[in-house]
Colleague: 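Right, I'll just put the structure down here and ask away after.
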Protein chains: 2
Amino acid sequence: MPQSRPRIIPEATVARLAVYLRVLAGLADGGRSHVSSGELASAAGVNPAGLRKDLSYLGPCGVRGVGYSVAGLRDRLTDALGGERSRPCVLIGIGRLGSALADYAGFASRGFEFVGLLDTDPAAVGRRVGGLPVRPVAELEAVVAETQATIGVITTPAEVAQSVCDRLVSVGVRSILNFAPVALTVPAGVDVRKVDLSVELQVLAFLDQQRHGTPPLVAPLRAAQGSAR
Amino acid sequence: MPQSRPRIIPEATVARLAVYLRVLAGLADGGRSHVSSGELASAAGVNPAGLRKDLSYLGPCGVRGVGYSVAGLRDRLTDALGGERSRPCVLIGIGRLGSALADYAGFASRGFEFVGLLDTDPAAVGRRVGGLPVRPVAELEAVVAETQATIGVITTPAEVAQSVCDRLVSVGVRSILNFAPVALTVPAGVDVRKVDLSVELQVLAFLDQQRHGTPPLVAPLRAAQGSAR
DNA sequence: ACGACTTTGTTCAGGCGTTCACAAGCGGTT
DNA sequence: AACCGCTTGTGAACGCCTGAACAAAGTCGT
Ligand SMILES: NC(=O)c1ccc[n+]([C@@H]2O[C@H](COP(=O)([O-])OP(=O)(O)OC[C@H]3O[C@@H](n4cnc5c(N)ncnc54)[C@H](O)[C@@H]3O)[C@@H](O)[C@H]2O)c1
Ligand SMILES: NC(=O)c1ccc[n+]([C@@H]2O[C@H](COP(=O)([O-])OP(=O)(O)OC[C@H]3O[C@@H](n4cnc5c(N)ncnc54)[C@H](O)[C@@H]3O)[C@@H](O)[C@H]2O)c1
């Protein structure tokens with residue numbers, strides 16, 4: 001019996017698996033048939049041992065002495081991360097950021113497809129972005145119902161993000177990606193991931209200050225790696 | 001002796017401090033004079049005890065039995081995160097995403113100011129975005145030198161991100177925020193933070209599948225919190 | 001057919017981060 | 001002036017993740 005491993009996969013590992021998958025897709029396009037953990041790790045910017053540990057959650061998927069089959073590992077990762085099926089997403093708030101996301105081709109290639117664009121601004125409604133018409137936000141519930149969207153992406157102003165989130169949850173959306181700078185409150189069983197660009201910049205500024213601004217204050221800074229973490 | 005605490009601050013804590021700071025700024029605008037850790041934690045979407053521990057890295061900054069002074073804590077956090085001084089940033093790749101970032105007012109209010117917009121496309125060069133003209137990417141080194149920019153934001157296609165990064169590093173930029181889906185390689189002493197939206201969506205899809213798609217495969221999912229993590 | 005080399009998969013230890021729980025301290029009240 | 005309730009600050013335990021070392025296994029060369 002194959003007896004698929006019931007091991008649970010840490011969330012940090014899942015995020016890295018997605019990165020490996022993208023690297024593998026590029027390698028496959030380049031015609032490569034095999035990769036070693038060292039090469040893959042270098043391309044993904046992680047430690048080789050850590051990469052092997054990550055992959056081990058899926059069970060053995062390489063050949064000792066040889067490495068990993070590029071196509072084989074790609075398919076295995078695709079499977080583990082949710083299969084090939086297209087994931088319908090709705091996007092609320094088609095402003096500057098929302099328009100950029102709706103236009104972006106990189107999501108579709110990974111199986112994420114925007115099937116509904118919603119906005120409240122009459123000037124925005126009706127405009128076509130990325131081949132899709134912007135619809136009034138009042139139709140949010142109808143759009144989710146008719147498209148069976150499972151992921152909601154919020155790019156509205158912060159003040160209305162919670163109410164938009166509540167409406168998404170109320171019609172069954174259980175996965176939400178939030179770009180507004182607020183902490184959303186959701187019932188158990190709903191996953192929210194937040195992207196906060198101001199925080200990223202602030203962390204960079206802090207690390208820079210720590211390195212140069214006030215050397216006496218914070219001495220034993222961890223030595224930085226040669227490659228991005 | 002005051003003897004400022006030489007304690008090092010974990011990076012995860014720094015990221016949360018930035019969130020607290022934003023919440024406090026909103027509270028100060030609302031006229032509040034004091035907050036408890038519980039209320040602040042709820043607004044930031046974290047555990048109250050964790051919040052107090054985070055703040056304790058800055059030394060005592062609250063009053064027992066009362067709470068934290070909104071203005072006082074805001075100033076203390078501002079200080080810890082790098083002071084009030086404006087941080088000049090350059091942005092490379094003024095496409096859809098880059099334009100949205102350049103236009104965004106939320107960065108300036110936190111002290112991050114774009115002082116240079118670079119692109120290679122002749123159609124983009126000369127256009128004004130967010131009050132700043134787009135300049136040819138050939139002038140990157142000159143722009144960094146004349147503006148003393150310390151942070152570089154990369155929103156170019158993935159293929160050229162590494163070369164853009166190398167040029168930034170060569171002229172002294174030691175903090176880089178990367179939106180391109182590649183792992184940048186940098187020398188020690190340079191910090192790179194990566195924002196990968198595809199990975200965020202992929203993680204959401206995985207968690208969703210784990211919850212419903214194949215229940216027999218991964219059973220003991222951690223109970224989700226009532227609020228965003 | 002055998003041996004040596006390469007690369008994986010796993011195990012172990014160490015460090016971080018998070019959480020809980022409690023003592024210390026301050027303001028308000030009697 | 002002393003007490004009481006409230007909130008902070010911190011100490012300790014727990015669990016997760018990361019990084020390194022080792023053993024298993026397969027392949028290539030002879
Ligand atoms: N643009 C950036 O670079 C950037 C960076 C970081 C964070 N953010 C955050 O992302 C969000 C969007 O930013 P933006 O720059 O695109 O702003 P924007 O003003 O350009 O776009 C917001 C859009 O949301 C729409 N909207 C307003 N209320 C709505 C509602 N109730 N329902 C549906 N749509 C509604 C508006 O009509 C507008 O089109 C904000 O919360 C912002 O803080 C943006
Ligand atoms: N748009 C999104 O929603 C989104 C989401 C996730 C990731 N990304 C990533 O962000 C990056 C930009 O995405 P986008 O949608 O804005 O793409 P885009 O094509 O709209 O913009 C890219 C810009 O970079 C410029 N450019 C190309 N080569 C350059 C060079 N050598 N130097 C300077 N500028 C150069 C182009 O002229 C263009 O203006 C890509 O790497 C993309 O994968 C974008």
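Note: hydrogens, waters and symmetry copies are ignored here, and every other heavy atom, side chains too, is used. Proteins come first, then strands; the chains are lettered A, B, ... in the order of their sequence lines, and each starts at number 1. Since the structure is predicted, the reported quantities are computational estimates derived from the model, not experimental observations.
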Colleague: Nearest whole Å is fine: how far is dC26(C) P from His34(B) NE2?
Modeller: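 Between P of dC26(C) and NE2 of His34(B): 15 Å.
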Colleague: Rounded to whole Å, how long is the line connecting atom CG of Leu55(B) with atom P of dT10(D)?
Modeller: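 Rounded to the whole Å, the gap is 11 Å.
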Colleague: Is there a side-chain contact between Ser37(B) and the phosphate of dT7(D), meaning an N or O under 4.0 Å from OP1 or OP2?
Modeller: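 For dT7(D), OP1/OP2 do not have a side-chain N/O of Ser37(B) under 4.0 Å.
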Colleague: List the atom pairs, donor and acceptor, that lie under 3.5 Å between side-chain atoms in residues 60-71 of chain B and the rest of the protein, sequence neighbours left out.
Modeller:
from, atom 1, to, atom 2, distance (Å)
Ser69(B), OG, Gly72(B), N, 3.0

Colleague: With distance as the sole test, does Thr78(A) use its side chain to make a donor-acceptor pair with the main-chain N or O of Glu84(A) at under 3.5 Å?
Modeller: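 Not confirmed, Thr78(A) side chain does not pair with Glu84(A) backbone.
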Colleague: Given dT10(C), dG9(D), dT18(C), identify the nucleotide with an atom nearest to the side chain of Arg52(A).
Modeller: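 My answer, after comparing the listed nucleotides, is dT10(C).
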Colleague: 5'-most contact on DNA chain C: Lys53(A) or Val63(A), nearest heavy atom basis?
Modeller: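 First, find each residue's nearest nucleotide; the 5'-ward one identifies Val63(A).
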Colleague: Is there a residue in residues 64-79 of chain A whose heavy atoms reach under 4.0 Å of DNA chain D, and which residues are they?
Modeller: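 Hits under 4.0 Å, by residue number: Arg64(A), Val66(A).
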Colleague: Just the rounded figure in Å: distance from P of dC17(D) to CD of Glu11(B).
Modeller: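 Glu11(B) atom CD is separated from dC17(D) atom P by 17 Å.
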Colleague: Whole angstrom is fine here: how far is it from CD1 in Ile9(A) over to P in dC16(D)?
Modeller: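 Rounded to whole Å, this separation is 15 Å.
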Colleague: Atom CG of Leu51(A) to atom C1' of dT10(C): distance rounded to whole Å?
Modeller: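 Rounded to whole Å, this separation is 15 Å.
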Colleague: Inspect the contact between Arg76(B) and Asp79(B) and indicate whether a charged nitrogen and a carboxylate oxygen are less than 4.0 angstrom apart.
Modeller: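 No, no charged N to carboxylate O under 4.0 Å.
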Colleague: What's the verdict on side chain to side chain contact (heavy atoms under 4.5 Å, CB included) for Arg74(B) and Leu21(B), showing C-alpha distance, side-chain angles and the deciding distance?
Modeller: CA-CA 6 Å; Arg74(B) 166 171 54 83; Leu21(B) 177 52; 3.9 Å; yes
Colleague: May I ask you to decide if Leu81(A)'s main-chain N or O and Gln209(B)'s side chain share a donor-acceptor pair within less than 3.5 Å?
Modeller: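 Looks like no, no N/O pair under 3.5 Å.
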Colleague: When you get a sec, tell me which of dG9(D), dC17(D), dA20(D) is the closest nucleotide to the side chain of Pro10(A)?
Modeller: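 The nucleotide sitting nearest to the side chain is dC17(D).
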Colleague: To the nearest angstrom, how far is Leu40(A) atom CG from dT8(C) atom P?
Modeller: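 So the CG-P distance, Leu40(A) to dT8(C), works out to 9 Å.
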Colleague: Take the protein atom CG of Asp54(B) and the nucleotide atom C1' of dT18(C), then report the distance between them rounded to whole Å.
Modeller: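 It is 10 Å, rounded to the nearest whole Å.
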Colleague: Is there a donor-acceptor pair closer than 3.5 Å between any side-chain N or O of Arg211(B) and the backbone N or O of Gly189(A)?
Modeller: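 Yes: the side chain of Arg211(B) pairs with the backbone of Gly189(A).
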Colleague: Between atom CG in Asn47(B) and atom C1' in dG15(D), what is the gap in whole Å?
Modeller: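 Between C1' of dG15(D) and CG of Asn47(B): 15 Å.
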Colleague: Answer yes if the side chains of Ser37(B) and Arg52(B) hold a donor-acceptor pair under 3.5 Å, and no otherwise.
Modeller: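 Distance-only check passes for Ser37(B) and Arg52(B).
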